[in-house]
Amino acid sequence: MTKARYEAISAATSWRDHAAGQQQAYKVEEIFGADVFSEKAMRERLPKNVFQRLMRTIKKGERLDAQLADVVASAMKDWAVERGATHYTHWFQPLTGLTAEKHDSFITPDGSGSVMSQFSGGALTQGEPDASSFPSGGLRATFEARGYTAWDPTSPVFLNRSGPNTTLCIPTAFVSWTGEALDNKTPLLRSIEALSTQAMRILRIFKTDQGVARINTTLGPEQEYFLVDRNLYFARPDLLHCDRTLFGAKPPKGQQLEDHYFGSIPARVLSFMAESERELCLLGVPVKTRHNEVAPAQFEIAPIFENANVACDHQMLIMETLKRVAPRYGLQCILHEKPFAGINGSGKHNNWSMSTDTGINLLDPREDTHTNMQFLVFLTAVIRGVDLHADLLRASIASASNDHRLGANEAPPAIISIFLGDMLTDIVEQIESGMRRRTKTGGQLDLGATTLPNLPRDAGDRNRTSPFAFTGNKFEFRAVGSSQTSAWPMTVLNTIVAESLDFVASQLEKSLGKNPSEAKVQKVVSDLLKKLVKQHKRVIFNGDGYSQAWHEEAEKRGLPHMRDSVDALPVFLKKKAGDLFSRYKVLSRVETEARGHIFLEKYVKQVSIEGETMVSIARTQIVPAAMAHQRRMAEAIAATQGAGVDVADQRAQLEEYVARVGRLVSATEALDRALSHHGDGATPLDHAKHVRDEVKPAMADLREVADELEEIVADELWPLPTYRDLLFIK
């Protein structure tokens, strides 16, 4: 192997030096939320009336009184400074899919040669970052720079610690000077409001709204990720620049033995997990689960449920924390959906539900589900929303990176369908027939050994091939990509469910009139549910989503099948999407269309960067290595022939090898030509189509021949750490 590869692997095997002194014992109950300006901290530091009014904003959604801001800011600043903070920042989520921050010091000159620590209510509630260099999709011209951040009091303020530096981070929305949303938080908050408004109408119909002020959407996102040795990572320019391998031959062992899944966690990885959890614990992120995932070097972390806005902020903190902590253990965290060809990719399973502010889960079937009319209304409304707006839901998880994963027989298909399970499917069929008589139960499992307990069995199995599956008391949107913010898919889901609840509530209110009897409510609701099930049952599918038979069946049912991002993302440019989001004041029509352009532009840029990286690696590393091996072969054959030995077979092998190297050079040049297309005057969609139809096939051709050569070229000549290095050095 090359000297660089040898040194990288040697360094990888001495990882313990990286981790020395990192481990710290801790008690969760003593440190959970220690770096959060929590409700407890606010109660201790704020005047009682200020605290109560702020809590009404946080918990009941009441508008914040601007006069409170100075009092809150002063208490917040004192709390942060006592914990070592010197700066504060408005922490926001622009349409890059990442977070952004601009740090300002608490220290201000007082004009007399001294300084003072200051933080005003105005500084808390509003900031002004430059908006010109963030994606806007045409909402703002490049020379129009003004943007505003606005404090979101419903998401906890926290401390970001980096070495000796501590910064107070204030979660904020981000809008332009014109008020148009330039971030992921603003439409998410709007969508939660829209769903709450419509869901409350359903509660009023059933007279279950007493004491309920609002409906929250709840979220528990499971995060999959890969870990590779950091030395090997830096020896791979494709991982460094693209977060995925653009070359790499299939190793003899991948995941075929299924021995990694839920296996014993390697020591270095466990140390990394423990420290990540400690830092998340300080930030008040309620992490619950950790385990090995299916693919080698793949793992998962999962928090428990929170209100969706906070859960989305915490999800960004989880990704940032994993990235930040991994280098302390000589590791690199990779969040890309498909960093390695031929093995499973990573997703972010978003477990979503609706709950009253009094703690009632509206998607909990409870016992005798067939009689729980309110639950059945919410369930049917979700089914209708997903059926009518499957195209939007599919487009919400579209990206160049997720294209590698969706429909690849390892993740949900690109066809949006709903899995209900045996019990709910049986009830839905009863609704359609007009006769609701029973709720299936799972009974007990006798494991056949007296020392083992009988287990209560669920009424139905789970389905890992479904993109949108009901799992007991929530829906699991499994198709979201691992590198993606949860906020945008949840915004779309909230909005389509709000529209469906609006439709259902309007139908019921019209038919019921004022002060209907309980019997009339039952009759009218039953009739509407029967009608809706017949209209929208096509989206329900409990079978194998990987099978070709399902693809054919879905086409017969008329379900949309958008195979890639270029098919899916133009949905946001259509009138239907603009009308839906504007009707519920989640996004204006121009804000919706702008997002379509932004996502298409990002697709083009991401694939183009990958293509250019491939060309660079091929020209500067793989072609020289292949030529060096060719020279060795030629010299060996010439020397052997000079000794009078027949070399016909070796000459044939050389000729075949030379042809492969020629294919490598030709494929490199073909990809370079495909990338040189600029498309003057073309739309973002035209660019995206070119990238999909011309650049990606050229990339696939180059990879195919390069991977063939990797299996032939002498190991000491091959310049890149291989899959067997990356996946199995832990």
Side-chain angles (χ1 to χ4, degrees), residues 93 96-99 184 219-228 233 238-239 242-245 255 260-261 269 272-273 276 280 285 287-303 311-326 331-352 393-394 396-414 464-469 476-490 493 564-565 568 599 602-603 606 610 726-727:
Q93 300 174 40
T96 58
L98 304 172
T99 61
N184 287 303
L219 180 65
E222 305 165 20
Q223 176 73 58
E224 295 175 338
Y225 61 95
F226 280 83
L227 292 172
V228 299
Y233 170 85
D238 47 2
L239 281 177
C242 308
D243 226 27
R244 80 177 183 101
T245 55
Q255 65 185 56
H260 185 69
Y261 193 44
V269 174
F272 151 77
M273 287 178 169
S276 297
L280 290 168
V285 181
V287 174
K288 177 71 173 176
T289 303
R290 65 189 183 203
H291 64 83
N292 288 4
E293 254 300 334
V294 173
Q298 187 186 34
F299 308 91
E300 181 175 300
I301 183 172
C312 288
D313 283 359
H314 281 171
Q315 174 56 212
M316 301 305 293
L317 286 175
I318 286 174
M319 293 194 290
E320 291 175 354
T321 300
L322 295 176
K323 284 277 194 181
R324 184 178 66 251
V325 173
L331 296 167
Q332 183 70 27
C333 176
I334 299 175
L335 297 173
H336 192 284
E337 284 75 4
K338 191 74 170 180
F340 303 102
I343 65 171
N344 277 21
S346 295
K348 193 195 309 283
H349 303 159
N350 282 239
N351 295 281
W352 171 92
L393 208 55
R394 166 66 181 92
S396 75
I397 44 88
S399 69
S401 51
N402 213 15
D403 280 355
H404 295 286
R405 170 177 165 263
L406 293 181
N409 284 8
E410 63 179 62
R464 65 184 299 273
T465 71
S466 175
F468 197 77
E476 183 181 21
F477 191 13
R478 296 176 55 85
V480 181
S482 55
S483 67
Q484 185 177 8
T485 171
S486 293
W488 177 237
M490 294 304 98
L493 179 57
D564 57 38
S565 295
F599 299 148
K602 183 176 181 179
Y603 175 90
Q606 190 169 342
E610 290 179 352
L726 293 164
L727 294 173

Q: Kindly write out the residues that satisfy ring-ring contact (aromatic ring centres under 6.0 Å, His included) with Tyr603, not counting sequence neighbours, or none if the list is empty.
A: none

Q: Look at the aromatic rings of His404 and His336 and report parallel, tilted or perpendicular, splitting at 30° and 60°.
A: tilted

Q: Within the 3.5 Å criterion, strictly below it, is a donor on Glu300 or Thr289 matched to an acceptor on the partner's side chain?
A: no

Q: Hey, what's the ring geometry for Phe468 with Phe477, parallel, tilted or perpendicular (30° and 60° as the breaks)?
A: perpendicular

Q: If every non-hydrogen atom of Thr245 is compared with every non-hydrogen atom of Ala341, which pair is closest and at what distance?
A: OG1-N, 4.4 Å

Q: Please identify which of these residues, Leu493, Val480, Ile397, meets the side-chain contact (heavy atoms from CB on, under 4.5 Å) condition with Asn350.
A: Val480

Q: If you measure from CG on Asp243 to OG on Ser483, what distance do you get to the nearest 0.5 Å?
A: 8.0 Å

Q: Strictly by modelled atom types, are Glu337 and Ser401 linked by a side-chain donor-acceptor pair under 3.5 Å?
A: yes

Q: Quick check: do Leu322 and Met319 have side-chain heavy atoms less than 4.5 Å from each other?
A: no

Q: With rounding to the nearest 0.5 angstrom, report the CG to CD distance, Leu280 to Glu320.
A: 10.5 Å

Q: Does the side chain of Gln315 come under 3.5 Å of the side chain of Thr485 through a donor N or O and an acceptor N or O?
A: no

Q: Judged by atom type as modelled, is there a donor-acceptor pair below 3.5 Å linking the side chain of Lys602 to the main-chain atoms of Thr96?
A: yes

Q: In sequence, state the C-alpha distance, the side-chain angles, and the governing distance for Gln93 and Asp313, and then conclude on side-chain contact (heavy atoms from CB on, under 4.5 Å).
A: CA-CA 9 Å; Gln93 300 174 40; Asp313 283 359; 2.6 Å; yes

Q: Where the side chain of Asp564 meets the backbone of Asp403, is there a donor-acceptor pair that is under 3.5 Å apart?
A: no

Q: For side-chain contact (heavy atoms from CB on, under 4.5 Å), just list the numbers for His291 and Glu293, CA-CA rounded to whole Å, side-chain angles, deciding distance to a tenth of an Å, and then say yes or no.
A: CA-CA 6 Å; His291 64 83; Glu293 254 300 334; 3.4 Å; yes

Q: Could you report the tightest heavy-atom contact between Leu335 and Gln223, atom names first, then the distance?
A: CD2-NE2, 3.8 Å

Q: Could you tell me if the side chain of Ile318 sits less than 4.5 Å from the side chain of Pro303, heavy atoms only?
A: yes

Q: Does a donor on one side chain sit under 3.5 Å from an acceptor on the other, for Asn344 and Gln255?
A: yes

Q: Does the side chain of Leu219 come within less than 4.5 Å of Ser486's, by heavy atoms?
A: yes

Q: With a 4.5 Å heavy-atom cut-off, do Thr321 and Val285 have their side chains touching?
A: no

Q: Answer yes or no: is there a donor N or O on one side and an acceptor on the other, between the side chain of Arg290 and the main chain of Phe299, under 3.5 Å?
A: no

Q: Ignoring hydrogens, what is the shortest heavy-atom contact between Glu222 and Ala302? Give both atom names and the distance.
A: CG-CB, 3.9 Å

Q: Kindly say whether Gln484 contributes a backbone atom to a donor-acceptor pair with the side chain of Lys348 at under 3.5 angstrom?
A: yes

Q: Atom CG in Asn184, atom CE in Met490: separation rounded to 0.5 Å?
A: 12.0 Å

Q: Evaluate the side-chain contact (heavy atoms from CB on, under 4.5 Å) criterion for residues Phe226 and Ser346: first the C-alpha distance (whole Å), next the side-chain angles of each, then the deciding distance (0.1 Å), finally the verdict.
A: CA-CA 8 Å; Phe226 280 83; Ser346 295; 3.3 Å; yes

Q: Ignoring hydrogens and angles, tell me if any N or O in the side chain of Gln332 forms a donor-acceptor pair with the backbone of Ala326 under 3.5 Å.
A: no

Q: What is the distance from atom CZ of Phe599 to atom OG of Ser396, rounded to the nearest 0.5 Å?
A: 9.0 Å

Q: Hey, what's the ring geometry for Phe272 with Tyr225, parallel, tilted or perpendicular (30° and 60° as the breaks)?
A: perpendicular

Q: At their closest point, which heavy atom of Ile334 faces which heavy atom of Pro339, and how far apart are they?
A: CG2-CB, 3.8 Å

